[in-house]
Amino acid sequence: MEKIKMPTPLVEMDGDEMTRVLWKMIKDELLTPFIELNTEYYDLGLEHRNETDDQVTIDSAEATKKYKVAVKCATITPNAARVEEYNLKKMYKSPNGTIRAALDGTVFRAPIVVKGIEPCVRNWKKPITIARHAYGDVYKSVEMKIPGAGKAELVYTDENGNETRETIHNFTSAGVIQGQHNVTPSIESFARSCFEYALSINQDLWFATKDTISKKYDHTFKDVFAEIFEAEYKEKFEKAGIEYFYTLIDDAVARVMKAEGGFIWACKNYDGDVMSDMISSAFGSLAMMTSVLVSPHGYYEYEAAHGTVQRHYYKYLNGERTSTNPVATIFAWTGALRKRGELDGSKELMEFADKLEKASIKTIEDGKMTGDLARITSLKKPVVLESEEFIKAIRTTLEKML
């Protein structure tokens, strides 16, 4: 068949370790044989980020603003051990955090559901989508170790030099403090992105914080959502027959466990990070979840929601067999290709993305899968495949569909 053309490029952000290996396999087996792949490439591997003092991450975000659509491989956020391992100039911040702050978006994550992989929570019948705020809080925090007795304060100085002070704690011993922030425009973007997404997929929207304890920080989130909903979205939700409601985060957790699913759960940044991992794991695997950053400015960045699979990478380097699940990375590519096709009016590209997703799911449902899924499937006698074998099996299924 003639390859599908892509007149407009999408931004390609390569990554680290085992997911970088899978990235190349996916392109070689599932994309370039069928598409004249047109990307603007950025190497976000840790070595190249170090060489460019992380400028490459900023450049990739700016390119996303230009082309509107990006696809990102999983990347390392270095800790002290990684700094030593890679001989880094410094402990760089999360590239995801940098990109999310630049694009001002909300991350929507939903499990990829396949027959034979039943949720751990038996009453979950439909996918639960996590809407994760993608700016600030602990990811932009400033920390300080307190060496001994003394007073720690929050100090705000306005443009005229006037100070407002709040005592954090009067220390009588050593300790630690952390300062977090957020900004109202980002919270407003978060709220609007959630309301728009709920309308686009016609699902109820939940939002939860801990405003009873955090009476200014979390309460601001609650108030912004309520004000925007009442002013801009209440009538639209009523017309669509869907609901928005707010509750405390602990109440939301209890409700979610007894719900059937089929709704969007909006969370602050760290809550969303944790809960999306819980949802994906409970539905089957961390590698079975879609993730897209949606910006109110019209930017879309698709990624795998999991890490770089370090343990498998070291085995791979030693020549050992690995059975790493590439499905989330495949779905990152299909999401980006579908959106590129949607924006460019390319029906062929959109249909290819749909078929590649269906081929991935069908391959699993036919009993061919990676080890993480084989351990939990209810299918009888599943065939466990190495990463490359599994990707080639998907290609075989895809070719039959095409």
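The residues of the chain are indexed from 1 along the displayed sequence. Below, each value reflects all heavy atoms present in this structure, side chains not excepted, and no hydrogens, waters or symmetry copies.
Taking a 6.0 Å sphere around CD of E84, one finds it holds 12 or fewer heavy atoms contributed by other residues, nucleotides or ligands. Crowding of M401 atom CE: a count of heavy atoms from other residues, nucleotides or ligands under 6.0 Å exceeding 12. Within 6.0 Å of CD in E348 there are 12 or fewer heavy atoms belonging to other residues, nucleotides or ligands. More than 12 heavy atoms of other shown residues, nucleotides or ligands fall within 6.0 angstrom of atom CD in Q55. The 12-atom threshold is not exceeded at NZ of K234, counting heavy atoms of other residues, nucleotides or ligands nearer than 6.0 Å. For K126, the NZ atom counts as loosely surrounded, since its 6.0 Å shell holds 12 or fewer non-hydrogen atoms of other residues, nucleotides or ligands. Within a 6.0 Å sphere centred on CD of Q178, heavy atoms belonging to other residues, nucleotides or ligands number more than 12.
Residues W23 and E12 share a closest heavy-atom pair of NE1-OE2, 2.9 Å. Of all the heavy atoms in I130 and G272, the pair that sits closest is CG2-O, 3.9 Å. Of all heavy-atom pairs between H306 and T329, the closest is NE2-OG1, 4.1 Å. Taking both residues in full, the closest heavy atoms of M289 and I112 are given as N-CD1, 3.7 Å, listed atom of the first, atom of the second, then distance. Here the closest heavy-atom approach between residue R109 and residue S291 is recorded as NE-OG, 2.9 Å. Of all heavy-atom pairs spanning A305 and D277, the tightest one is O-OD1, 4.4 Å.
Judged by distance alone, the side chain of T19 and the main-chain N or O of C73 form no donor-acceptor pair under 3.5 Å. Proximity of a side-chain donor or acceptor of T32 to a complementary backbone N or O of K27 within less than 3.5 Å is detected. Within the 3.5 Å criterion, the main-chain N or O of A81 finds a donor-acceptor partner in the side chain of N79. Using a distance-only test at 3.5 Å, with no hydrogens or angles considered, no donor-acceptor pair links the side chain of T322 to the main chain of T324. Under the 3.5 Å distance criterion, the side-chain polar atoms of R49 are matched with a main-chain donor or acceptor of I76. Side-chain atoms of R132 come within 3.5 Å of backbone N or O of N269 as a donor-acceptor pair. A donor-acceptor pair is defined here as one N or O able to donate and one able to accept, closer than 3.5 Å; such a pair exists between the side chain of S323 and the backbone of L385. Y217 contributes a side-chain N or O that, together with a main-chain N or O of H181, makes up a donor-acceptor pair within less than 3.5 Å. Looking only at distances, a side-chain donor or acceptor of S276 sits under 3.5 Å from a matching main-chain atom of D273. Not a single donor-acceptor pair under 3.5 Å links the side chain of N318 to the backbone N or O of E320.
In summary, the side chains of T64 and E301 do not present any donor paired with an acceptor at a separation below 3.5 Å, with no hydrogens or angles considered. No side-chain N or O of T98 forms a donor-acceptor pair with one of T57 less than 3.5 Å apart. Using a 3.5 Å distance cut-off with no hydrogens or angles, the side chains of Y92 and N50 do pair a donor with an acceptor. For Y313 and D16, the side-chain atoms include no donor-acceptor pair closer than 3.5 Å. A donor-acceptor contact closer than 3.5 angstrom links the side chains of D372 and T370. For the residue pair Y41/D14, the side-chain donor-acceptor check at 3.5 Å is satisfied.
In this pair, F237 and Y233 present their aromatic rings perpendicular. The plane angle is above 60°, beyond the 30 to 60° band. Relative ring orientation between H169 and F171 is described as perpendicular, the plane-to-plane angle rising above 60° on a 0-90° scale split at 30° and 60°. Using cut-offs of 30° and 60° for the angle between ring planes, the F225 and F207 rings count as parallel.
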Checking Y302 against T290 for the side chain to side chain donor-acceptor pair (under 3.5 Å) test, could you report, in this order, the C-alpha distance in whole Å, the side-chain angles of both residues, the deciding distance, and whether it holds? CA-CA 8 Å; Y302 296 82; T290 62; over 6 Å; no
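With sequence neighbours left out, the ring-ring contact (aromatic ring centres under 6.0 Å, His included) criterion links Y270 to no other residue. Remark: S200 engages no residue in a side-chain hydrogen bond (donor to acceptor under 3.5 Å, both in side chains) (not counting sequence neighbours).
Between E17 and R82 there is a salt bridge, since a side-chain N of the basic residue sits under 4.0 Å from a carboxylate O of the acidic one. A salt bridge links D43 with R20: the distance from a Lys NZ or Arg NE/NH1/NH2 to an Asp or Glu carboxylate oxygen falls below 4.0 Å. Electrostatic pairing of K115 and E365 does not count as a salt bridge here, judged by no charged N lying under 4.0 Å from a carboxylate O. Classification of R321 and E386 as a salt-bridged pair holds, one side-chain N sitting under 4.0 Å from a carboxylate O. With salt bridges taken as basic N to acidic carboxylate O contacts below 4.0 Å, one links K210 and D250. In this structure, D218 pairs ionically with K268, as a charged nitrogen and a carboxylate oxygen lie closer than 4.0 Å. With salt bridges taken as basic N to acidic carboxylate O contacts below 4.0 Å, one links E399 and R395. Remark: D354 does not engage K358 in a salt bridge, criterion side-chain N to carboxylate O under 4.0 Å. Salt bridge status for E389 with K368: absent, with no side-chain N to carboxylate O gap under 4.0 Å.
Just one residue in the list F263, W265, Y244, Y197 forms a side chain to side chain contact (heavy atoms under 4.5 Å, CB included) with L205, and that residue is Y244. Residue H133 forms a ring-ring contact (aromatic ring centres under 6.0 Å, His included) with just one option from F221, F108, Y139, and that option is F221.
Taking the ring centre of F195 as origin, the terminal cationic atom of K236 falls outside the region bounded by 6.0 Å and 45° from the ring axis.
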